[in-house]
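Atoms within a ligand are numbered from 1 in the order they appear, just like the ligands themselves. The figures here come from the full heavy-atom set of this structure, side chains too, leaving out hydrogens, waters and symmetry mates. Predicted, not measured: the structure shown is a model, and the values here were computed from it.
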Amino acid sequence: MTAPPTTTQGGRDEFALRLLKGSAKKSYEPIVDIDWDAPLAEDRYFLPPQMVSLYGTPMWEQMDDGQRVDLSRQEFANYISMGIWFENMLNQSLLRAMMHSSPTSPGTFYELTELGDEARHMLMFGKAIERVGVEPFWPGKRGARRVNTMAMIFRGPMLWVGALVGEEIFDALQRQILDGGDDLQPLVQRVMRIHVTEEARHIQFARDGIRRDVGELSPQTRWAVANLHGLGASLYFKHFTRSALYDRIGLDGREAQRQARANPQFHASLRAGFAPLAAFLDEVGLMGPIARRMWTKYKFL
Ligand SMILES: [Fe+2]
Ligand SMILES: [Fe+2]
């Protein structure tokens, strides 16, 4: 048996140690830190209305308040359902990568901490979906297989870029939700607050990993990494406007989907969600031409 790689990794270790301290100081246990028995607030939105995919469309104008709130409930459940399967994928990838690094390195310690955070987030999201009283949006057999396959593809630098595509876009959307203020369901605000706090450290860790590794990539790997993340654009765009969202509240799903996908207000929310990540990818030289075209085609740029 060969010995695992030694622990010295200079600044990466120090960075991991700093994040570990932050985790020790401020982490949550959603199962006890959220009052799951508190009643939902009547008539309050689950997402700020301007973030709902149909906001401002002709169809929106025809919907009554109850239907609008219901659509925000479904879209909230959709976001956090996607959050669960993304975090599942990330955790699988992290565990696999760990077999190739030292179990005594601060980087591994931090990755294990992140893994634990994500496990609690998946539980929190699952409980939140249950609490708001809708079915999760869950992949079928083929979709589930695809998620598990992606978990195997995310390795090395692609793991960190994949992590950012999953985390940063949701993070920016969640900050928009929090900015939505006091008119939102208190449960939604609580869940988002906890998630944003813990994800901030994950994002820093992924960004730091990319900054350190990007200079050492071969031109081919660099090209692949810089373009593959563009696949995220179509995945998000299609899932954020899946017809089941609208079918479930009694709208014509196809027509609603068509209006949402053409909705400039919805596009503005996507652009705001992608802006921080786009700036970072540009900064580190990982926004390839194909990826840029994909993000533009699907209204994130
Ligand atoms: Fe998370
Ligand atoms: Fe995360």
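Although no hydrogens or angles enter the test, the distance criterion places a donor-acceptor pair under 3.5 Å between the side chain of Asn227 and the main chain of Ala291. Side chain of Thr108 to main chain of Thr104: no donor-acceptor pair is present (N/O by atom type, distance under 3.5 Å, no hydrogens or angles).
Near-neighbour remark for the Fe ion (ligand 2): protein N, O or S atoms under 2.8 Å are Glu118 OE2, Glu167 OE2, Glu199 OE1, Glu199 OE2, His202 ND1; waters not counted.
Both cation-pi conditions hold for Arg248 and Phe137: the charged atom is under 6.0 angstrom from the six-membered ring centre and inside a 45 degree cone around its axis. Geometrically, Arg145 does not engage Trp85 in a cation-pi contact defined by less than 6.0 Å to the ring centre and at most 45° from the axis. Figure legend: Arg261 and Phe240 shown without cation-pi pairing, the cationic atom not lying both under 6.0 angstrom from the six-membered ring centre and within 45 degrees of its axis.
Under the ring-ring contact (aromatic ring centres under 6.0 Å, His included) criterion, the residue pairs touching residues 170-193 are Phe170-Tyr236, with sequence neighbours excluded.
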